Visitor: 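Mind having a look at this structure? Questions to follow.
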Amino acid sequence: MKTSPSANELLEWYDRHARDLPWRVSPEDRRLGVVPDPYHVWLSEIMLQQTTVAAVKDYYIKFLSLWPRVEDLAAAPEEDVMKAWAGLGYYSRARNLKRCAETVADLHEGRFPETVSGLQALPGIGPYTAAAIAAIAFDQPAAVVDGNVERVMTRLYEITTPLPEAKPEIKAVMAALTPEARPGDFAQAVMDLGATLCTPKRPACSLCPWMAGCAARASGLAETLPRKAPKKTKPTRTGAAFVALRASDKAVMLRRRPPKGLLGGMSEVPGTEWTVEADEATFVHSAPLQDIGATLDWRPVTGVVRHTFTHFHLELTIFRAMVPDNAGLPENCWWSPPQDLPDEALPTVMRKAIDAAF
DNA sequence: GACCCGTGGTC
DNA sequence: TGACCAAGGGT
């Protein structure tokens with residue numbers, strides 16, 4: 001008769017195999033009494049939402065360097081936060097990060113709430129992040145469920161109900177398994193297990209501390225779980241982007257996108273809407289640069305810029321033109337010299353567009 | 001529940 | 001190349 005999985009089995013594995021991460025207090029240090037900084041835990045958890053550890057590391061270091069305390073982040077101009085976040089994606093996270101910092105600094109005297117419900121009331125903090133902060137920063141036995149936990153639990157208990165229908169059951173089994181002692185380490189242990197051994201493809205079951213009690217390992221279904229509803233295919237949208245270069249120094253004309261929606265609050269080069277059907281002739285005549293006091297000679301750049309967003313593919317045709325230094329600037333636009341471009345709040349797709357024009 | 005919201009790595 | 005995936009949240 002096989003033993004049912006226990007938290008201790010996994011915690012012992014975690015004590016030996018925990019990943020060394022910039023925002024993590026190692027199990028050894030925890031035993032020595034080192035306490036995680038809730039600000040660090042929160043910042044890392046927001047950055048890690050739907051984002052890989054490798055992509056987050058440098059941003060996390062940079063943010064802590066720029067804003068060591070939550071009060072510093074609360075006092076920072078939103079524009080600076082968007083610039084520092086540029087390239088990480090899901091930009092509403094950055095806006096909510098700033099709003100959350102302001103709330104904590106102003107309404108909570110710089111301290112994060114210590115309960116799941118109190119945390120989840122803050123902007124950008126949902127069920128997962130609230131549970132993660134409560135467990136990791138405040139030692140509360142909250143059931144932390146992310147994509148890793150979903151994968152591990154559906155396999156461990158052979159839950160064949162497809163996601164997201166299976167979420168309540170997953171939450172329940174995770175809650176039953178979460179120990180009163182070391183709940184934060186336990187949550188991180190399950191996530192480490194999912195990230196390193198219980199992977200989506202070709203899981204390393206032979207190395208797993210829970211192998212003996214894993215139902216999907218026994219039945220051979222491990223690699224087929226969790227089950228998910230099929231995803232829709234992404235449509236392709238097209239548009240044009242106009243890279244205006246100031247003659248003397250090749251500064252690029254930029255403008256701000258609207259505060260909400262796709263790439264909200266980020267900077268961009270002027271361009272057309274990204275409609276499903278649009279032709280190149282329309283693009284040229286729709287150039288929003290008619291009022292700068294000069295006739296511009298827009299030349300198409302060879303090769304189209306391709307970029308994929310969450311729910312559509314984009315094909316951007318790039319046009320470039322040199323602009324006399326004495327020309328005017330359209331409303332809400334500014335010139336950004338080449339040496340300033342790295343610090344602008346430019347999303348990746350816009351950096352691709354600008355690169356294509358140089 | 002459905003849809004929106006980025007990016008880079010992997011197979 | 002394309003689909004999938006990654007410490008999800010807001011509406």
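Note that the structure is predicted; figures quoted are calculated from it, not measured. Just so it is clear: chains get the letters A, B, ... in the order the sequence lines come, proteins before strands, and each one is counted from 1.
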Visitor: If you count the non-hydrogen atoms of other residues, nucleotides and ligands that lie under 6.0 Å from NZ in Lys250(A), is the total more than 12?
Guide: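 At most 12 heavy atoms, drawn from other residues, nucleotides or ligands, come within 6.0 Å of this atom.
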
Visitor: Output the residues of residues 82-91 of chain A in contact with DNA chain B, where contact means a heavy atom of the residue under 4.0 Å from an atom of the strand; sort by number or write none.
Guide: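 Hits under 4.0 Å, by residue number: Gly87(A), Leu88(A), Gly89(A), Tyr90(A), Tyr91(A).
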
Visitor: If you count the non-hydrogen atoms of other residues, nucleotides and ligands that lie under 6.0 Å from CZ in Arg19(A), is the total more than 12?
Guide: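 Yes, enclosed.
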
Visitor: Cut-off 3.5 Å, side chains only: do Arg93(A) and Asn96(A) have a donor facing an acceptor?
Guide: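 No pair is found: no donor N or O on one side chain lies under 3.5 Å from an acceptor on the other.
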
Visitor: Could you tell me whether the side chain of Thr178(A) and the main chain of Pro141(A) form a donor-acceptor pair under 3.5 Å?
Guide: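 It does not hold such a pair.
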
Visitor: For Met266(A) and dG6(B), what is the distance between atoms CE and C1' respectively, to the nearest whole Å?
Guide: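 Spelled out: CE on Met266(A) to C1' on dG6(B) is 10 Å.
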
Visitor: Determine whether the side chains of Thr236(A) and Glu315(A) contain a donor N or O and an acceptor N or O closer than 3.5 Å.
Guide: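 Distance-only check fails for Thr236(A) and Glu315(A).
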
Visitor: Specify the closest pair of heavy atoms between Leu263(A) and Tyr91(A), including all atoms of both residues, with the distance to one decimal.
Guide: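 Here Leu263(A) and Tyr91(A) meet closest at CD2-CE1, 3.7 Å.
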
Visitor: Can you establish whether the number of heavy atoms outside Glu109(A) located under 6.0 Å from its atom CD is more than 12?
Guide: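 12 or below, so no.
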
Visitor: Are the side chain of Arg217(A) and the backbone of Met211(A) linked by a donor-acceptor contact shorter than 3.5 Å?
Guide: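 The answer is no, because no donor-acceptor pair under 3.5 Å joins these two groups.
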
Visitor: Atom CG of Asn96(A) and atom C1' of dC4(B): how far apart are they, to the nearest Å?
Guide: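 After rounding, the gap between these two atoms is 14 Å.
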
Visitor: Strictly below 4.0 Å, heavy-atom distances to any atom of DNA chain B: list the hits from residues 345-358 of chain A, or just say none.
Guide: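 Contacting residues: Pro347(A), Thr348(A), Val349(A).
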
Visitor: Quick check: closest heavy atoms across Ala143(A) and Ala131(A), and the distance to 0.1 Å?
Guide: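 Scanning both residues, the minimum pair turns out to be O-CB, 3.5 Å.
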
Visitor: How do Gln120(A) and Thr233(A) order along DNA chain C: which one's closest nucleotide is nearer the 5' end?
Guide: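 This one resolves to Thr233(A).
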
Visitor: Could you check whether any side-chain heavy atom of Met350(A) comes within less than 4.5 Å of a side-chain heavy atom of Ser267(A), counting everything from C-beta outward?
Guide: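 SC-SC contact between Met350(A) and Ser267(A) ruled out.
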
Visitor: Answer yes or no: does atom CG of Asp58(A) have more than 12 heavy-atom neighbours from other residues, nucleotides or ligands under 6.0 Å?
Guide: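 Atom CG in Asp58(A) is not crowded, with 12 or fewer foreign heavy atoms closer than 6.0 Å.
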
Visitor: Taking the nucleotide of DNA chain C with the nearest heavy atom to each, does Lys201(A) or Gln49(A) sit closer to the 5' end?
Guide: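 The 5'-side residue here is Lys201(A).
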
Visitor: Report yes if a side-chain nitrogen or oxygen of His307(A) is closer than 4.0 Å to either non-bridging phosphate oxygen (OP1 or OP2) of dG6(B); otherwise report no.
Guide: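 Indeed not, no polar side-chain atom of His307(A) lies that close.
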
Visitor: Near DNA chain B, under 4.0 Å by heavy atom, which residues of residues 50-73 of chain A?
Guide: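 Only Gln50(A), Thr51(A) qualify.
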
Visitor: What does Lys231(A) touch in the nucleic acid at a heavy-atom separation under 4.0 angstrom: a base, only the sugar-phosphate, or nothing?
Guide: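 Sugar-phosphate, backbone atoms only, no base.
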
Visitor: So what's the dot-bracket for DNA chain B: Watson-Crick or G-U pairs under 3.5 Å, [ ] if a pair crosses, | if it pairs off-strand?
Guide: .||||.|||||

Visitor: Step through it carefully: locate the ring centre of Phe63(A), locate the ring centre of Tyr60(A), and say whether they are under 6.0 Å apart.
Guide: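 Centroid distance Phe63(A)-Tyr60(A): not below 6.0 Å, so no.
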
Visitor: Can you give the first and last nucleotides of DNA chain C, 5' to 3', that have an atom under 4.0 Å from a heavy atom of chain A?
Guide: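 Using the under 4.0 Å cut-off, the span is dC5(C) to dG10(C).
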
Visitor: If we ignore hydrogens and angles and just use 3.5 Å, is the side chain of Glu169(A) paired with the main-chain N or O of Ala166(A) as donor and acceptor?
Guide: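 Absent.
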
Visitor: Has Lys260(A) got a side-chain N or O lying under 4.0 Å from the OP1 or OP2 atom of dC4(B)?
Guide: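 Result: no.
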
Visitor: Please classify the nucleic acid contact of Leu21(A) as base, sugar-phosphate, or nothing, using heavy-atom distances under 4.0 Å.
Guide: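 It contacts base atoms.
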
Visitor: By the 4.0 Å heavy-atom rule, please label Arg19(A) as base, sugar-phosphate, or nothing.
Guide: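 Arg19(A): base contact, heavy atoms under 4.0 Å.
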
Visitor: Considering every strand and a 4.0 Å limit on heavy-atom distances, what is the contact class for Thr308(A): base, sugar-phosphate, or nothing?
Guide: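 Counting heavy atoms under 4.0 Å across all strands, the contact made by Thr308(A) includes a base.
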
Visitor: Which residues in residues 162-178 of chain A have a heavy atom closer than 4.0 Å to any atom of DNA chain B?
Guide: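 None - not one residue of the stretch has a heavy atom sitting under 4.0 Å from the strand.
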
Visitor: Would a line drawn from the ring center of Phe309(A) to the ring center of His307(A) be shorter than 6.0 Å?
Guide: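 Ring centroids of Phe309(A) and His307(A) are less than 6.0 Å from each other.
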
